[in-house]
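Scope of the values below: all heavy atoms of this structure, side chains included, with no hydrogens, waters or symmetry mates.
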Amino acid sequence: MIQTRWTGYFGNPSLWDGNAEQGVAFVRAASAFWNPAAPPLTDAAARYRDLYRPAEYRARAGATVNLGPLVTRALADDDGSGWIGKGSDIDLRNLKPGVQRLGEYTFDISGAVMLRGSRASVKGLPPQAVIDLDRRASGLVFLQTTGWPAATPRESVGRYEIEYADGTRQTLPLEYGRHLRAWTDLQPTSMIPAPAWTGKTGDGLDVNLTALEWINPRPDTVIRRVTLVSGGGNANPALLGLTLLGAP
C-alpha cells in the first residue's frame with residue numbers, strides 16, 4: 001500500500017520518458033494490494049502504458065514491409081552464426097516467422113536486419129541498411145532492439161534517415177533506453193517505445209522487443225527509402241519488423 005502512494009512521481013510528466021519504471025512499479029503494487037486474490041501481473045508495462053498514455057489507442061490501416069532480402073542474422077542460432085552468435089540456448093527462435101500482431105502493431109517477421117557493433121561477433125556486419133519503400137504513409141513503426149546494452153542511458157546507438165521522393169530528409173535518432181533497448185533489457189525506462197513481444201530463450205532467460213512509432217510530418221509526400229545506420233558501439237541496432245501506418 002505504501003508503494004502505491006510513494007513512487008517518486010509527484011505529478012512530473014517526465015516520468016513517461018526517462019523514469020517509466022516507477023509508473024510500472026506503481027501499477028504492479030496497486031494490483032497486488034487492491035486485488036490480492038488476482039494473479040501477479042505479467043504485463044505491467046503494457047498496463048501502465050494503457051492507463052497513462054498521452055493519446056488513446058485506435059486501430060489504423062497499414063501495410064507490413066518484407067525485410068527478408070535485407071536480413072543479416074537468423075533469429076535461431078543453431079551453429080553459432082545466427083542472432084548474436086551465442087548458440088541455440090540464447091537466441092530468438094521463440095519469435096516465430098510470418099505476419100503477426102505483436103503488441104499494438106502487425107509485422108512481417110523473417111529475421112533480423114542486424115548491423116555492425118563493437119562486439120567481435122558483429123564487427124563484420126554492414127554499418128547500414130537501406131529499405132526502399134516508394135510509398136506514402138502517415139507514420140512508420142519499427143520493431144527493434146540491440147544485441148547488447150549500451151554503457152550509459154540515452155547513449156546514441158544509431159539513427160534512421162527517412163528520404164522523401166523530392167530529396168528532402170528527416171532523421172530519427174536512436175538513443176538507448178529512450179527509443180530502444182537490448183533484447184535482454186526488461187527495464188521500461190521510457191514509454192516512447194511500446195511493448196511488443198516477450199519470450200524466453202532456451203536457457204530460460206526473459207527477453208523482449210519494443211516497437212517505436214514515428215509520425216510522418218509530411219504524410220502526402222512519398223517516402224523513397226529509409227536507411228538504418230549503426231553507431232558501431234556495444235549496443236548495435238537490429239530491426240526485425242517495419243510497418244507503414246495509413247499506407248494507401
Side-chain angles (χ1 to χ4, degrees), residues 16-18 20 62 64-67 69-73 83-84 105 107 111-119 121-185 187-196 208-219 221-245 247:
W16 183 264
D17 177 19
T64 59
V65 176
N66 176 18
L67 298 176
L70 300 174
V71 164
T72 58
R73 286 289 171 91
W83 193 225
I84 61 169
Y105 307 98
F107 299 99
V113 185
M114 183 176 282
L115 298 184
R116 179 182 302 170
S118 60
R119 296 270 182 153
S121 63
V122 293
K123 278 187 175 181
L125 294 179
Q128 66 179 36
V130 179
I131 308 161
D132 293 319
L133 295 179
D134 290 317
R135 298 188 68 172
R136 293 183 178 88
S138 61
L140 304 175
V141 186
F142 306 94
L143 179 69
Q144 57 185 10
T145 188
T146 65
W148 292 268
T152 58
R154 300 205 174 189
E155 179 180 320
S156 175
V157 301
R159 65 187 184 277
Y160 290 105
E161 296 177 352
I162 298 99
E163 182 182 345
Y164 296 97
D166 61 7
T168 58
R169 296 172 181 262
Q170 293 278 336
T171 299
L172 174 58
L174 295 175
E175 298 176 10
Y176 189 85
R178 190 177 188 213
H179 302 110
L180 77 174
R181 60 179 185 257
W183 63 302
T184 55
D185 184 354
Q187 191 78 301
T189 54
S190 174
M191 285 291 117
I192 289 181
N208 72 146
L209 301 171
T210 58
L212 177 67
E213 180 177 329
W214 174 77
I215 302 301
N216 183 7
R218 303 180 62 197
T221 304
V222 169
I223 299 175
R224 178 179 293 161
R225 62 177 63 94
V226 174
T227 303
L228 173 58
V229 181
S230 174
N234 193 67
N236 60 310
L239 178 65
L240 289 83
L242 174 59
T243 283
L244 281 63
L245 299 179

Would you give the length of the straight line joining atom [atom1] of [X] to atom [atom2] of [Y], rounded to the nearest 0.5 angstrom?
X	Y	atom1	atom2	value
R169	I162	CZ	CD1	10.0 Å
E163	T171	CD	OG1	11.0 Å
L228	L242	CG	CG	10.5 Å

>> According to salt bridge (charged side-chain N to carboxylate O under 4.0 Å, His left out), does anything in residues 122-151 pair up with another residue at least two apart or in another chain? List the pairs.
In response: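 Residue pairs with at least one partner in residues 122-151: D132-R225.
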Return yes if some donor-acceptor pair links the side-chain N/O of [X] with the main-chain N/O of [Y] below 3.5 Å, else return no.
X	Y	answer
S118	N234	yes
S230	N236	no
T189	G177	yes
T145	L209	no

Counting C-beta onward and ignoring hydrogens, is there a side-chain heavy-atom pair between [X] and [Y] closer than 4.5 Å?
X	Y	result
L140	L245	no
L240	F107	no
Y176	R181	yes
Y164	I223	yes
V130	T227	yes
L212	I192	yes
T72	L115	no
N216	S138	no

Identify, with sequence neighbours excluded, every residue that meets salt bridge (Lys or Arg N to Asp or Glu O under 4.0 Å) alongside [X].
X	value
E175	R178
R159	E161
R119	none

request  = With sequence neighbours left out, write down each residue that passes side chain to side chain donor-acceptor pair (under 3.5 Å) with S190, or none if nothing qualifies.
outcome  =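 Testing S190 for side chain to side chain donor-acceptor pair (under 3.5 Å), a comparison that skips the adjacent residues, returns D17.
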- Residues that T152 engages under side chain to side chain donor-acceptor pair (under 3.5 Å), provided they are two or more places apart: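 Applying side chain to side chain donor-acceptor pair (under 3.5 Å) to T152 gives E155.
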Would you name the heavy atoms of [X] and [Y] that are closest together and state the gap between them?
X	Y	value
Y105	A211	CD1-CB, 3.9 Å
P217	W214	CD-CZ2, 3.5 Å
L239	L143	CD1-O, 3.4 Å
L70	I131	CD1-CG1, 3.5 Å
A182	W148	CB-C, 3.7 Å
Q144	L180	NE2-CB, 3.6 Å

Does L172 form a side chain to side chain contact (heavy atoms under 4.5 Å, CB included) with V226? I'd like the steps, not just the answer.
CA-CA 10 Å; L172 174 58; V226 174; over 6 Å; no
Mind checking whether Y160 and F142 have parallel, tilted or perpendicular rings, split at 30° and 60°?
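Correct class here is parallel.
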